[in-house]
Amino acid sequence: MVDTSTIEIKINGEEHIVHTGTSILKACQDLGIEIPTLCYLDGISEEAACSLCMVEVKGAKSLVRACVTKVVSGMEVSTNTARARKARRMNIELLLASHPQDCLTCERNQNCDLRKLAYEMGVKDIRFAKSSDHKFAWDTSSPSLVRDPNKCVLCRRCIETCSFVQAVSAIDVTGRGKSSKVSTFMERGLGNVDCVNCGQCLLVCPTGAIVEKDEIEDTWHSLHDPEKVVVVQTAPAVRAAIGEEFGMPAGSLVTGKMAAGLRRLGFNKVFDTQFTADLTIMEEGHEL
């Protein structure tokens, strides 16, 4: 019996068996073949907005976007030709031309996907004039998030995640052309719409367009105030996650180390939210 769920295609001169109906990008990812992309999130965002996943397909008149082009039997794909690399590099340069050049002080300077791709593609000079004729105001209305639309590359990953993962739909693209940006209803700001402050948009943003609100300086000021008794209260999840930031295996429990570290920073009292978190879990389990 013929297996109709798979087909045979050729990628970079080698024959491969891939699943019917999948995109070129997904097929390559499953095979360990890397194709750069900023806007793609498997099963969530497939907007073809960044145009960085351009590949050559034999017989096609132009380059195609791998994230939205489905594989067909007998297709011959080339992912790393000079033509494809030139197009990707051009698109990266265009993105950088309208992007703020404050990488050294940006919150995402160590884990920015745009900067990483620019480095991997060997972009050292930007041939296009810096676009500075439109500046968008920051959105600081949220109690936990800060949005800088000037750093947004309009990949729509945050929009799709907010809509289809969280089912909130607090943000969308507003304006046209150079005035296009991700914003809220009537430009009211995240703090004045149905945003639930889940932070999922922050996790999927490839640049520094969405970051957590920083209160580090206020904390240091309080710690250095001899007239204040400074108390810190930690969430239970922190003790099983913060160890990764110090090179420990994922899930390492660092309760004692974390408490000791907080005391050394200068906090007078360290409290744990474990009891109320347990009550929340019990309630959620009952609802489920």
Side-chain angles (χ1 to χ4, degrees), residues 41 100 102-116 138-148 150-152 157-158 161-162 165-166 168 170-171 189-288:
L41 279 178
D102 61 345
C103 295
L104 291 177
T105 56
C106 178
E107 291 281 347
R108 294 290 299 275
N109 69 337
Q110 297 299 315
N111 60 347
C112 173
D113 291 349
L114 179 61
R115 180 180 175 183
K116 177 176 178 287
W138 285 26
D139 177 9
T140 58
S141 61
S142 168
S144 56
L145 300 172
V146 176
R147 294 191 311 112
D148 181 3
N150 300 292
K151 294 181 180 179
C152 178
R157 284 163 60 163
C158 58
T161 300
C162 186
V165 176
Q166 296 302 105
V168 176
I171 50 179
L190 285 178
N192 303 307
V193 293
D194 290 334
C195 173
V196 296
N197 297 295
C198 65
Q200 294 300 313
C201 57
L202 182 154
L203 294 177
V204 299
C205 180
T207 65
I210 308 176
V211 297
E212 62 270 19
K213 187 163 284 187
D214 189 347
E215 296 181 352
I216 294 177
E217 288 302 319
D218 292 338
T219 303
W220 279 120
H221 180 75
S222 297
L223 288 173
H224 293 154
D225 187 345
E227 301 299 321
K228 283 188 177 181
V229 175
V230 188
V231 178
V232 60
Q233 188 169 351
T234 62
V238 177
R239 68 167 76 93
I242 196 172
E244 295 179 49
E245 296 297 319
F246 296 92
M248 299 179 184
S252 297
L253 295 177
V254 293
T255 309
K257 294 182 177 64
M258 183 176 65
L262 290 170
R263 291 300 299 270
R264 290 183 182 182
L265 284 174
F267 288 99
N268 300 105
K269 302 290 183 180
V270 180
F271 290 98
D272 198 311
T273 324
Q274 182 172 356
F275 176 68
T276 49
D278 288 342
L279 293 179
T280 302
I281 294 172
M282 291 167 62
E283 178 62 25
E284 290 178 346
H286 175 71
E287 293 176 359
L288 180 63

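These numbers come from a predicted model, not from an experiment. Starting from 1, each residue takes its place in the sequence as its number.
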A.B. asks: Measuring from N268:CG to L262:CG, what's the distance to the nearest 0.5 Å?
C.D. replies: 12.0 Å

A.B. asks: For I216, does the CD1 atom sit with more than 12 other heavy atoms under 6.0 Å from it, leaving out its own atoms?
C.D. replies: no

A.B. asks: Report the distance from atom OG of S252 to atom CD1 of I242, rounding to the nearest 0.5 Å.
C.D. replies: 12.0 Å

A.B. asks: Take a 6.0 Å sphere around NZ of K269 and say whether it holds more than 12 heavy atoms from other residues, nucleotides or ligands.
C.D. replies: no

A.B. asks: Minimum heavy-atom separation for C106 to K151, with atom names?
C.D. replies: SG-NZ, 3.4 Å

A.B. asks: For residues N192 and S141, report the shortest heavy-atom separation together with the two atoms involved.
C.D. replies: ND2-CB, 4.1 Å

A.B. asks: Give, for atom CG of N109 and atom CG of N111, the distance between the pair rounded to the nearest 0.5 Å.
C.D. replies: 8.0 Å

A.B. asks: Pairs under 3.5 angstrom only: tabulate donor-acceptor contacts from the side chains of residues 220-229 to other protein residues two or more places apart or in another chain.
C.D. replies:
from: S222; atom 1: OG; to: D218; atom 2: O; distance (Å): 3.1
from: H224; atom 1: ND1; to: W220; atom 2: O; distance (Å): 3.3
from: D225; atom 1: OD1; to: E227; atom 2: N; distance (Å): 3.0

A.B. asks: Give, for atom OG1 of T207 and atom CG of L114, the distance between the pair rounded to the nearest 0.5 Å.
C.D. replies: 7.0 Å

A.B. asks: Specify the closest pair of heavy atoms between I210 and L202, including all atoms of both residues, with the distance to one decimal.
C.D. replies: O-CG, 3.7 Å

A.B. asks: For the backbone of L190 and the side chain of R147, can you confirm whether one donor and one acceptor N or O come within less than 3.5 Å of each other?
C.D. replies: no

A.B. asks: Any idea which heavy atoms bring A259 and V270 closest together, and the distance?
C.D. replies: O-CG2, 4.1 Å

A.B. asks: Do E107 and V146 touch side chain to side chain, with heavy atoms closer than 4.5 Å?
C.D. replies: no

A.B. asks: Is D278 atom CG crowded by more than 12 heavy atoms from other residues, nucleotides or ligands, each under 6.0 Å away?
C.D. replies: yes

A.B. asks: At what distance, to the nearest 0.5 angstrom, does CG of L203 lie from OG1 of T161?
C.D. replies: 9.0 Å

A.B. asks: Please check: side-chain N/O of S142 versus main-chain N/O of G191, any donor-acceptor pairing under 3.5 Å?
C.D. replies: no

A.B. asks: Which value, rounded to the nearest 0.5 Å, describes the distance between D102 atom CG and D148 atom CG?
C.D. replies: 7.5 Å

A.B. asks: Just so I know, are the side chains of Q200 and V168 near enough to count as touching, which here means a heavy-atom distance under 4.5 Å?
C.D. replies: no

A.B. asks: Could you report the tightest heavy-atom contact between V231 and F267, atom names first, then the distance?
C.D. replies: C-CD2, 4.2 Å

A.B. asks: Might you point out which heavy atoms bring A170 and C162 nearest each other, and give the distance in Å?
C.D. replies: N-SG, 3.2 Å

